[in-house]
Q: 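My questions all concern the structure below.
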Amino acid sequence: MGFKAGQVNLPLDENDMIIPSNTDFLDTWEAMEDLVADKMVKAIGVSNFSSKQIARILNKPGLKIKPAVNQIECHPYLTQEDLISYCNSKDIAVTAYSPLGSPDRPWAKPDEPKLLEDPKILEIAKGHGKSSAQVLIRFQIQRGLIVIPKSVTPNRIKENFQVFDFQLSDAEMKTILSFNRNWRCCPMTWCVKHKDYPFEVTK
């Protein structure tokens, strides 16, 4: 999504909604392709793109480089199965951000679900002698996704790497997938009026 140019990273209007630009992301993609050609970057990708938006890039006349990755919010309450399947079919890697449900997000509401405290996740974790966070990370790894949990605590950072000494069963994977409720912890509501807001598209 293109924002109004200037010194402010997220320019907002009087209603705290993003001030957009008229930029077409296809033009932005061409500029990113130039960065690869100039050897300033090795690979380029997208974030929060719907399948429809990715298709616009892939069908662009004169496309030189397709996206290497699509970085999306993904966790058991937002499993993104259709979008992941689409990306896989186009040989586009998927990176899962907020795999733990972003429990420390400042905009969280008291009545919103807390993924790390989900009783069924805790039960599965107990069975493996692991934390709920480790189960959530392992879940995405077994789906073939790149996982980027966020933490500033040294012990938790170390713990997040200790996910290669156990494996979730097919039944456990199926159970966790069944938790999907299409709930976003990062809905980006300040962009809902933007022409390129991606979450209006279901896939």
Q: With a 4.5 Å heavy-atom cut-off, do Ser21 and Met1 have their side chains touching?
A: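 Heavy-atom side-chain distance check fails, nothing below 4.5 Å.
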Q: Looking at Arg105 and Glu112, is any side-chain nitrogen of the basic one under 4.0 Å from a carboxylate oxygen of the acidic one?
A: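 A salt bridge links Glu112 with Arg105.
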Q: Below 4.0 angstrom, N of the basic side chain to O of the carboxylate: do Asp24 and Arg56 qualify?
A: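 Counted as a salt bridge, because a side-chain N and a carboxylate O are separated by less than 4.0 Å.
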Q: Measure the spacing between CE of Met32 and CD1 of Ile57 and express it to the nearest 0.5 Å.
A: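 CD1 of Ile57 is found 8.0 Å from CE of Met32.
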Q: Just one of Arg156, Lys126, Glu159 clears the side-chain hydrogen bond (donor to acceptor under 3.5 Å, both in side chains) bar with Ser131, so which one?
A: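 Between Ser131 and the candidates, side-chain hydrogen bond (donor to acceptor under 3.5 Å, both in side chains) is satisfied uniquely by Glu159.
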Q: For Lys150, look at atom NZ and say whether over 12 heavy atoms of other residues, nucleotides or ligands are found less than 6.0 Å away.
A: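 For Lys150, atom NZ is not crowded (no more than 12 foreign heavy atoms under 6.0 Å).
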Q: Could you please spell out the steps behind the side chain to side chain contact (heavy atoms under 4.5 Å, CB included) verdict for Ile65 and Ile44?
A: CA-CA 8 Å; Ile65 305 171; Ile44 51 178; 4.2 Å; yes
Q: Going only through I, L, V, M, F, W and Y residues with side-chain contacts under 4.5 Å, is there a path from Ile92 to Leu26?
A: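 Shared cluster, yes.
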Q: Within the structure provided, determine whether Pro67 and Trp29 are in side-chain contact (heavy-atom separation under 4.5 Å).
A: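 Answer yes - side chains close enough.
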Q: Do Phe164 and Ile141 touch side chain to side chain, with heavy atoms closer than 4.5 Å?
A: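 The answer is yes, as the side chains (C-beta and beyond) meet within the 4.5 Å cut-off.
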Q: Can you check side chain to side chain contact (heavy atoms under 4.5 Å, CB included) on Glu33 and Leu63, steps first, answer last?
A: CA-CA 9 Å; Glu33 289 178 322; Leu63 180 70; 3.4 Å; yes
Q: Let me confirm one number: the CH2-CG distance from Trp183 to Leu78, rounded to the nearest 0.5 Å.
A: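 It is 9.0 Å, given to the nearest 0.5 Å.
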Q: Where the side chain of Asp38 meets the backbone of Met40, is there a donor-acceptor pair that is under 3.5 Å apart?
A: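 Side chain of Asp38 to backbone of Met40, a donor-acceptor pair under 3.5 Å: no, none is there.
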Q: Evaluate whether atom CG of Asp27 has more than 12 neighbouring non-hydrogen atoms of other residues, nucleotides or ligands under 6.0 angstrom away.
A: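 Yes, because the 6.0 Å sphere around CG of Asp27 holds more than 12 heavy atoms from other groups.
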Q: Which heavy atom in Met17 sits nearest to a heavy atom in Cys191, and how many Å separate them?
A: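 The answer is CE-N, 4.5 Å.
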Q: Provide the closest heavy-atom pair for Leu168 versus Gln142 in the form atom of the first, atom of the second, distance.
A: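 Between these two residues, the closest heavy atoms are N-OE1, 2.7 Å.
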Q: Answer yes or no: is there a side-chain heavy-atom contact under 4.5 Å between Thr95 and Asn70?
A: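 When only atoms from C-beta onward are counted, Asn70 and Thr95 do not touch, as no gap falls below 4.5 Å.
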Q: Treat each ILVMFWY residue as a node, draw an edge where side-chain heavy atoms are under 4.5 Å apart, and state whether Ile54 and Val36 are in one component.
A: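 Shared cluster, yes.
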Q: Under a 4.5 Å side-chain heavy-atom rule over Ile, Leu, Val, Met, Phe, Trp and Tyr, are Phe49 and Val41 clustered together?
A: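 Yes, one cluster joins them.
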Q: Any side-chain heavy atom of Leu115 sitting closer than 4.5 Å to one from Pro76?
A: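 Side-chain contact under 4.5 Å: yes.
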Q: Do Ile84 and Arg143 touch side chain to side chain, with heavy atoms closer than 4.5 Å?
A: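 SC-SC contact between Ile84 and Arg143 confirmed.
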Q: Side chains of His128 and Gln134: is there a donor and an acceptor less than 3.5 Å apart?
A: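 Not at all, the side chains of His128 and Gln134 share no donor-acceptor pair under 3.5 Å.
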Q: Under 4.0 Å between a Lys/Arg side-chain N and an Asp/Glu carboxylate O for Lys130 and Asp165?
A: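 Salt bridge between Lys130 and Asp165, a charged N being under 4.0 Å from a carboxylate O: yes.
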Q: Under 4.5 Å between any side-chain heavy atoms of Ser102 and Cys186, yes or no?
A: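 Sidechains of Cys186 and Ser102: in contact.
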Q: Under 4.5 Å between side-chain heavy atoms, counting indirect links through other Ile/Leu/Val/Met/Phe/Trp/Tyr residues: same cluster for Phe3 and Ile19 or not?
A: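 No, because Phe3 and Ile19 fall into different hydrophobic clusters, even though each may have its own neighbours under 4.5 Å.
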Q: Does Gly2 offer a backbone N or O that forms a donor-acceptor pair with the side chain of His194 under 3.5 Å?
A: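 Flag set: sc His194 to bb Gly2 pair under 3.5 Å.
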Q: Check the hydrophobic clustering (I, L, V, M, F, W, Y; side-chain heavy atoms under 4.5 Å; chains of links allowed) and say if Leu58 and Val46 are grouped together.
A: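 Same hydrophobic cluster.
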Q: Can a donor-acceptor pair be found, under 3.5 Å and without considering hydrogens, that links the side chain of Gln53 to the backbone of Ser50?
A: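 Looks like yes, one N/O pair under 3.5 Å.
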Q: How long is the straight-line distance from CD1 of Ile72 back to OG of Ser98, given to the nearest 0.5 Å?
A: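 With rounding to 0.5 Å, OG (Ser98) is 11.0 Å from CD1 (Ile72).
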Q: With a cut-off of 6.0 Å (strictly less than), are more than 12 heavy atoms of other residues, nucleotides or ligands near CD of Glu81?
A: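 Correct, the count exceeds 12.
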Q: Under a plain distance cut-off of 3.5 Å, with no hydrogens placed, do Asn48 and Tyr97 share a side-chain donor-acceptor pair?
A: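 Present: a donor and an acceptor within the cut-off.
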Q: Mark yes or no for whether Arg184, through its side chain, and Glu73, through its backbone, hold a donor-acceptor pair below 3.5 Å.
A: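 No; zero donor-acceptor contacts below 3.5 Å.
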Q: Give the minimum heavy-atom separation between Cys185 and Trp107, together with the two atoms involved.
A: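 Smallest heavy-atom distance, with atoms named: O-NE1, 2.7 Å.
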Q: Dump the intermediate steps for side chain to side chain contact (heavy atoms under 4.5 Å, CB included) on Lys193 and Ile18, then the final yes or no.
A: CA-CA 8 Å; Lys193 296 182 180 179; Ile18 202 71; over 6 Å; no
Q: Hey, could you give me the NZ/OG distance between Lys158 and Ser151, rounded to the nearest 0.5 Å?
A: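 Going from the NZ atom of Lys158 to the OG atom of Ser151 covers 13.5 Å.
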Q: Would you check if there is a donor-acceptor pair between the side chains of Tyr77 and Asn182 at a distance under 3.5 Å?
A: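 No pair is found: no donor N or O on one side chain lies under 3.5 Å from an acceptor on the other.
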Q: Quick one: pull up CD1 in Ile176 and CG in Asn180 and give me the separation to the nearest 0.5 Å.
A: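 It is 13.0 Å, given to the nearest 0.5 Å.
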Q: Spell out, as yes or no, whether a donor-acceptor pair under 3.5 Å connects the side chain of Asp13 to the backbone of Asn15.
A: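 Checking the backbone N and O of Asn15 against the side chain of Asp13, a donor-acceptor pair under 3.5 Å is found.
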Q: Begin with the C-alpha distance, continue with both residues' side-chain angles, and end with the deciding distance and a verdict on salt bridge (Lys or Arg N to Asp or Glu O under 4.0 Å) for Lys60 and Glu30.
A: CA-CA 10 Å; Lys60 176 186 173 297; Glu30 284 189 15; 3.0 Å; yes
Q: May I ask you to check whether over 12 heavy atoms, not counting those of Asp170, lie within 6.0 Å of atom CG?
A: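 Counting other residues, nucleotides and ligands, CG of Asp170 stays at 12 neighbours or fewer.
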Q: What are the two closest heavy atoms between Leu136 and Pro99, and how far apart are they?
A: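 Smallest interatomic distance, heavy atoms only, reads CB-O, 3.8 Å.
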Q: Going from CD1 on Ile157 to CD on Gln162, what distance comes out if it is rounded to the nearest 0.5 angstrom?
A: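 So the gap between those two atoms works out to 12.5 Å.
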Q: Any side-chain heavy atom of Ile137 sitting closer than 4.5 Å to one from Leu100?
A: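 Result yes, sub-4.5 Å side-chain heavy-atom pair found.
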Q: Mark yes when over 12 heavy atoms from residues, nucleotides or ligands other than Asn9 sit less than 6.0 Å from its CG; otherwise mark no.
A: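 Not buried by this count: 12 neighbours or fewer within 6.0 Å.
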Q: Does CG belonging to Asn155 count more than 12 external heavy atoms closer than 6.0 Å?
A: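 No - once you tally the heavy atoms of other residues, nucleotides and ligands closer than 6.0 Å, there are 12 at most.
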Q: Under a 3.5 Å distance rule, please check whether Ser178 uses its side chain to pair with a backbone N or O of Thr175 as donor and acceptor.
A: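 Yes: the side chain of Ser178 pairs with the backbone of Thr175.
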Q: Under a 3.5 Å cutoff, is there a donor and acceptor pairing between the side chains of Glu117 and Ser132?
A: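 The answer is no; no qualifying pair exists.
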Q: If you apply the rule side chain to side chain contact (heavy atoms under 4.5 Å, CB included), what do you find for Ile148 with Gln71, and how did you get there?
A: CA-CA 10 Å; Ile148 49 172; Gln71 180 176 293; 3.7 Å; yes
